[in-house]
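Working notes, beginning with the structure itself.
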Amino acid sequence: MCAIEYSYKNWKNNSDLNLVCEKLLDNANVDIIFTNFPFSVSLIFFVIGSDIKVTFICSEIESFHLDKGWDDSPLYVVLETIVKAPKKNRHLNQPDHEFSCREHDGYLWEINVMPDVNLNIKCLSFEWRIDRVTEKEMALFNAS
């Protein structure tokens, strides 16, 4: 049984990414999905003792650093997750060819996941969401 504070029902409408990182992603396991790499990477966090999963989708990747090989383990232990938003916003009507000639540092999202993988991703596009762990996913965790 999940602690009430850490149930999907209580977090499903939360839009404060910093709070989610601080409260949920300080004790989780993460699966790294490389299906569309190098164009995008998905991180699926399974919150320990909860029915919550948090998905990050990083696209238009500028840099990617992972201390462990992606096939070392199906899930990695997460004790800290930090997401830094870009300092600058891209103008919506700026043509791609103009933007691609610029220095991107101020426009990048930076995602750090520690300590097991020491993952650092810098990307131009970042999305996230909170979902409920599926029955199939729950069965896999209970089997291991």
Side-chain angles (χ1 to χ4, degrees), residues 2-138 140-141 144:
C2 299
I4 291 178
E5 182 180 351
Y6 295 105
S7 72
Y8 173 74
K9 177 181 163 188
N10 293 332
W11 284 88
K12 67 181 177 182
N13 295 320
N14 196 303
S15 62
D16 184 343
L17 180 58
N18 289 326
L19 184 65
V20 168
C21 288
E22 179 185 327
K23 297 290 186 183
L24 297 179
L25 304 185
D26 68 338
N27 189 19
N29 289 318
V30 67
D31 189 10
I32 305 169
I33 310 298
F34 290 98
T35 306
N36 294 319
F37 192 77
F39 306 107
S40 68
V41 171
S42 297
L43 308 175
I44 303 174
F45 297 87
F46 297 94
V47 179
I48 303 294
S50 170
D51 63 345
I52 300 171
K53 69 179 176 182
V54 178
T55 302
F56 288 179
I57 301 170
C58 308
S59 304
E60 298 182 76
I61 296 170
E62 292 276 327
S63 72
F64 182 91
H65 175 80
L66 175 65
D67 273 354
K68 291 190 173 188
W70 68 271
D71 60 350
D72 282 351
S73 171
L75 295 173
Y76 300 101
V77 174
V78 176
L79 298 178
E80 184 176 13
T81 303
I82 300 168
V83 177
K84 295 178 187 171
K87 295 175 184 126
K88 300 178 183 177
N89 290 320
R90 181 178 174 184
H91 298 292
L92 295 176
N93 52 354
Q94 183 179 25
D96 286 340
H97 69 278
E98 270 185 26
F99 184 73
S100 65
C101 294
R102 291 186 158 201
E103 179 63 40
H104 291 144
D105 285 347
Y107 298 93
L108 297 174
W109 288 86
E110 183 172 2
I111 297 89
N112 289 292
V113 179
M114 298 159 282
D116 205 18
V117 291
N118 289 322
L119 174 65
N120 176 273
I121 302 172
K122 292 181 181 177
C123 59
L124 286 169
S125 178
F126 175 76
E127 299 173 35
W128 71 281
R129 68 179 180 271
I130 296 176
D131 296 306
R132 183 184 302 249
V133 175
T134 65
E135 288 182 24
K136 182 178 179 183
E137 291 164 334
M138 195 66 79
L140 287 172
F141 291 128
S144 50

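Please read all numbers here as calculations on a predicted model, not as lab measurements.
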Who pairs with Phe56 by ring pair (Phe, Tyr, Trp, His ring centres under 6.0 Å), at least two apart in sequence or on another chain? Phe45, Phe126
Donor-acceptor pair, side chain of Asp51 and main chain of Tyr8, under 3.5 angstrom: yes
Heavy-atom pair of closest approach, residues [X] and [Y]:
X: Ile121; Y: Leu43; answer: CD1-CD1, 4.2 Å
X: Cys21; Y: Thr81; answer: CB-O, 3.3 Å
X: Ile111; Y: Cys58; answer: CD1-SG, 3.9 Å

Quick check for you: to the nearest 0.5 Å, what is the distance between [X] atom [atom1] and [Y] atom [atom2]?
X: Leu24; Y: Leu17; atom1: CG; atom2: CG; answer: 10.5 Å
X: Met138; Y: Phe46; atom1: CE; atom2: CZ; answer: 9.5 Å
X: Glu80; Y: Asn118; atom1: CD; atom2: CG; answer: 10.0 Å
X: Glu137; Y: Asp31; atom1: CD; atom2: CG; answer: 9.0 Å

Side-chain contact, heavy-atom cut-off 4.5 Å: [X] with [Y]?
X: Lys84; Y: Ile82; result: yes
X: Val20; Y: Asn14; result: yes
X: Ile130; Y: Ile52; result: yes
X: Ile48; Y: Asn29; result: yes
X: Leu119; Y: Phe64; result: yes
X: Ile32; Y: Leu66; result: yes
X: Cys123; Y: Glu60; result: no
X: Thr35; Y: Ser42; result: no

Check side-chain contact (heavy atoms from CB on, under 4.5 Å) between Asn120 and all other residues, then give those that pass, not counting sequence neighbours. Ser63, His65, Glu110, Asn112, Lys122
Return the set of residues passing side-chain contact (heavy atoms from CB on, under 4.5 Å) with Asn18 (not counting sequence neighbours), or none when no residue passes. Asp16
Between Asp26 and Leu79, is a side-chain contact (heavy atoms from CB on, under 4.5 Å) present by the stated rule, with each step listed? CA-CA 4 Å; Asp26 68 338; Leu79 298 178; over 6 Å; no
Output yes when Lys53 and Asp131 qualify as a salt bridge under the 4.0 Å nitrogen-oxygen rule, no when they do not. no
Compute the ring centroids of Phe39 and Phe34, then answer whether they are less than 6.0 Å apart. no
